[in-house]
Amino acid sequence: MITYPVVEKFVSINGEGQKAGEIAAFIRMRGCNLACNYCDTSWANTKDCPCEFLSAEELITWLKEHSIENVTLTGGEPLLTEEIAPLIEALGTAGFSVEIETNGSVSLNTFDTLAHRPAFTMDYKCPDSGMENAMNTDNFSLLIPKDTVKFVVSSISDLDKARKICIQYKVAEHCPIFLSPVFGRIEPKEIVEYMIEHHWNEARLQLQMHKFIWPPEQRGV
Ligand SMILES: C[S@@+](CC[C@H](N)C(=O)[O-])C[C@H]1O[C@@H](n2cnc3c(N)ncnc32)[C@H](O)[C@@H]1O
Ligand SMILES: Nc1nc2[nH]cc(C(=O)O)c2c(=O)[nH]1
Ligand code: SF4
Ligand SMILES: [Mg+2]
């Protein structure tokens with residue numbers, strides 16, 4: 001039986017993405033191939049982080065107990081979890097609306113043709129994250145309107161790079177563009193001023209809602 005390394009699972013409101021504000025269940029997988037210098041879940045990225053090994057059936061039973069429709073697979077980097085495709089298919093077959101938070105380094109090629117194609121919220125890691133070299137820019141052409149490209153920015157120069165990438169890869173023709181501040185590093189106001197100054201009509205500011213509702217360091221929310 002296939003099992004998955006789940007470091008935490010919880011029900012909350014989605015604090016980010018196209019479904020921000022809707023209730024959702026979160027399943028966080030262990031391990032990541034990147035080390036963004038702002039990562040708010042770096043605790044989940046180590047090989048020895050305690051986790052539960054759960055099967056698709058066990059996860060679906062837990063989801064049904066909560067009568068939840070939206071499921072977000074996150075991490076860590078969920079798309080690097082071994083045998084993740086069968087879990088995505090099982091969740092889709094069971095009728096859940098599946099969103100995947102992914103870091104932009106993993107090819108979406110094998111996932112975008114799944115029978116139950118999930119919605120991808122794909123980061124493009126900006127220069128100040130330290131991880132831009134890992135980005136797989138071939139992914140942009142695979143994105144569709146239910147997906148999202150997210151730039152988590154630390155600075156005005158990150159915003160400049162985000163805008164350049166959006167123009168170069170015609171991101172707005174594929175899906176929505178979200179701009180989110182690295183929590184505490186740049187004032188949201190600066191992002192708004194930047195959007196106005198550059199007539200950036202396609203972009204949308206997003207604040208991580210859960211960090212305003214609960215203490216920003218709190219896990220499981
Ligand atoms: C923890 S990551 C897990 C999924 C995947 N590894 C990724 O990077 O997309 C989920 C989301 O949280 C964002 N994030 C992590 N730390 C953050 C911070 N300090 N401030 C704002 N967003 C952050 C990431 O950029 C990503 O969009
Ligand atoms: N409430 C809440 N919403 C979220 N949306 C994406 C999250 C993530 O960590 O990927 C997240 C999270 O950690 N909490
Ligand atoms: S890719 Fe995601 S989980 Fe990995 S270090 Fe970056 S923000 Fe954290
Ligand atoms: Mg989070």
Side-chain angles (χ1 to χ4, degrees), residues 1-36 39-123 134 139 146-148 150 208-211 213-221:
M1 187 183 41
I2 306 171
T3 59
Y4 300 94
V6 176
V7 294
E8 65 174 359
K9 59 186 195 321
F10 56 91
V11 173
S12 185
I13 50 106
N14 200 336
E16 307 169 30
Q18 287 196 37
K19 296 201 171 188
E22 293 185 22
I23 55 170
F26 293 84
I27 300 172
R28 192 179 304 284
M29 300 296 181
R30 180 169 73 180
C32 187
N33 58 326
L34 303 187
C36 305
C39 182
D40 60 10
T41 52
S42 53
W43 57 270
N45 297 348
T46 60
K47 282 202 175 78
D48 55 358
C49 174
C51 67
E52 289 182 279
F53 285 95
L54 298 172
S55 65
E57 292 70 28
E58 287 169 320
L59 287 166
I60 288 169
T61 301
W62 174 73
L63 291 165
K64 286 186 174 163
E65 279 165 13
H66 291 276
S67 302
I68 287 287
E69 288 176 16
N70 296 326
V71 180
T72 298
L73 298 182
T74 185
E77 175 46 52
L79 292 184
L80 290 177
T81 306
E82 247 176 85
E83 300 288 348
I84 195 70
L87 175 62
I88 298 169
E89 289 287 28
L91 292 171
T93 305
F96 296 103
S97 173
V98 181
E99 172 199 43
I100 302 204
E101 294 269 337
T102 185
N103 66 20
S105 77
V106 183
S107 174
L108 300 183
N109 216 359
T110 56
F111 299 106
D112 84 313
T113 50
L114 291 174
H116 295 93
R117 187 196 183 283
F120 297 107
T121 298
M122 190 189 83
D123 272 23
N139 281 339
K146 72 171 175 176
D147 301 324
T148 299
K150 180 158 62 151
Q208 292 178 293
M209 225 186 269
H210 49 293
K211 292 191 184 170
I213 302 174
W214 294 279
E217 308 299 333
Q218 191 165 320
R219 292 187 193 177
V221 293

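These values consider heavy atoms only, across backbone and side chains, with no hydrogens, waters or symmetry-generated copies.
- Pro86 and Ile2 make their closest contact through CG-CD1, 4.3 Å (heavy atoms, listed as atom of the first residue, atom of the second, distance).
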Go through the steps for Phe53 and Glu58 under the test side chain to side chain contact (heavy atoms under 4.5 Å, CB included), then give the verdict.
CA-CA 10 Å; Phe53 285 95; Glu58 287 169 320; over 6 Å; no
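- For the residue pair Tyr4 and Thr81, the shortest heavy atom distance occurs at CD2-CG2, 3.9 Å.
- The one candidate from Ile27, Ile100, Leu87 that meets the side-chain contact (heavy atoms from CB on, under 4.5 Å) condition with Pro78 is Ile100.
- Rounded to the nearest 0.5 angstrom, Trp62 CH2 and Glu52 CD are separated by 10.0 Å.
- Here the straight-line distance linking atom NZ of Lys150 with atom OG1 of Thr102 works out to 11.5 Å at 0.5 Å rounding.
- Two residues are said to be in side-chain contact when any heavy atoms from C-beta on lie closer than 4.5 Å; Leu59 and Val71 fail this criterion.
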Stepwise, does the side chain to side chain donor-acceptor pair (under 3.5 Å) test hold for Glu77 with Asn103?
CA-CA 7 Å; Glu77 175 46 52; Asn103 66 20; 3.2 Å; yes
Please determine whether side chain to side chain donor-acceptor pair (under 3.5 Å) holds for the pair Thr72 and Glu101, giving the CA-CA distance in whole Å, both sets of side-chain angles, and the decisive distance to 0.1 Å.
CA-CA 7 Å; Thr72 298; Glu101 294 269 337; 5.8 Å; no
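- At a threshold of 4.5 Å between non-hydrogen side-chain atoms, the residues His66 and Phe10 do not count as touching.
- Rounded to the nearest 0.5 angstrom, Ser105 OG and Met122 CE are separated by 10.0 Å.
- The distance from atom CD of Glu69 to atom CG of Leu63, rounded to the nearest 0.5 Å, is 11.5 Å.
- In this structure, CG on Asp123 lies 10.5 Å from OG1 on Thr148, to the nearest 0.5 angstrom.
- No side-chain heavy atom of Met29 sits under 4.5 Å from any side-chain heavy atom of Val7.
- For the pair Arg28/Thr41, a side-chain contact is recorded, criterion being any heavy-atom separation below 4.5 Å from C-beta on.
- A side-chain contact (heavy atoms from CB on, under 4.5 Å) with Glu16 is found for one member of Glu99, His210, Met209 and no other, namely His210.
- Atom CD1 of Ile84 sits about 11.5 Å away from atom CD of Glu89, to the nearest 0.5 Å.
- Arg30 places a side-chain N or O within donor-acceptor distance of the main-chain N or O of Lys47, the cut-off being under 3.5 Å.
- The minimum heavy-atom distance between Cys32 and Gly76, with the atom names listed, is CB-CA, 4.0 Å.
- Across Ala44 and Cys49, no two heavy atoms sit closer than the pair CA-SG, 4.1 Å.
- Remark: Glu82 CD is loosely packed, at most 12 non-hydrogen atoms of other residues, nucleotides or ligands lying under 6.0 Å away.
- When the shell of 6.0 Å around CD of Glu217 is examined, it contains 12 or fewer heavy atoms from other residues, nucleotides or ligands.
- Within the 4.5 Å cutoff, no side-chain heavy atoms of Asn139 are placed close to those of Asp112.
- For the pair Ile213/Val221, no side-chain contact is recorded, criterion being any heavy-atom separation below 4.5 Å from C-beta on.
- Scored by the side-chain hydrogen bond (donor to acceptor under 3.5 Å, both in side chains) test, Asp147 finds Arg117 as partners (sequence neighbours excluded).
- Between Phe111 and Phe120, the ring planes are perpendicular. Angles over 60° get that label, and only those under 30° would be called parallel.
- Between Val98 and His116 the shortest side-chain heavy-atom distance does not fall below 4.5 Å.
- When only modelled atom types and interatomic distance are considered, Lys19 and Ser97 share a side-chain donor-acceptor pair under 3.5 Å.
- Asn70 is not listed as a side-chain neighbour of Ile23, based on a closest heavy-atom distance of 4.5 Å or more.
- Pairing each heavy atom of Cys39 with each of Asn45, the nearest pair is SG-ND2, 3.8 Å.
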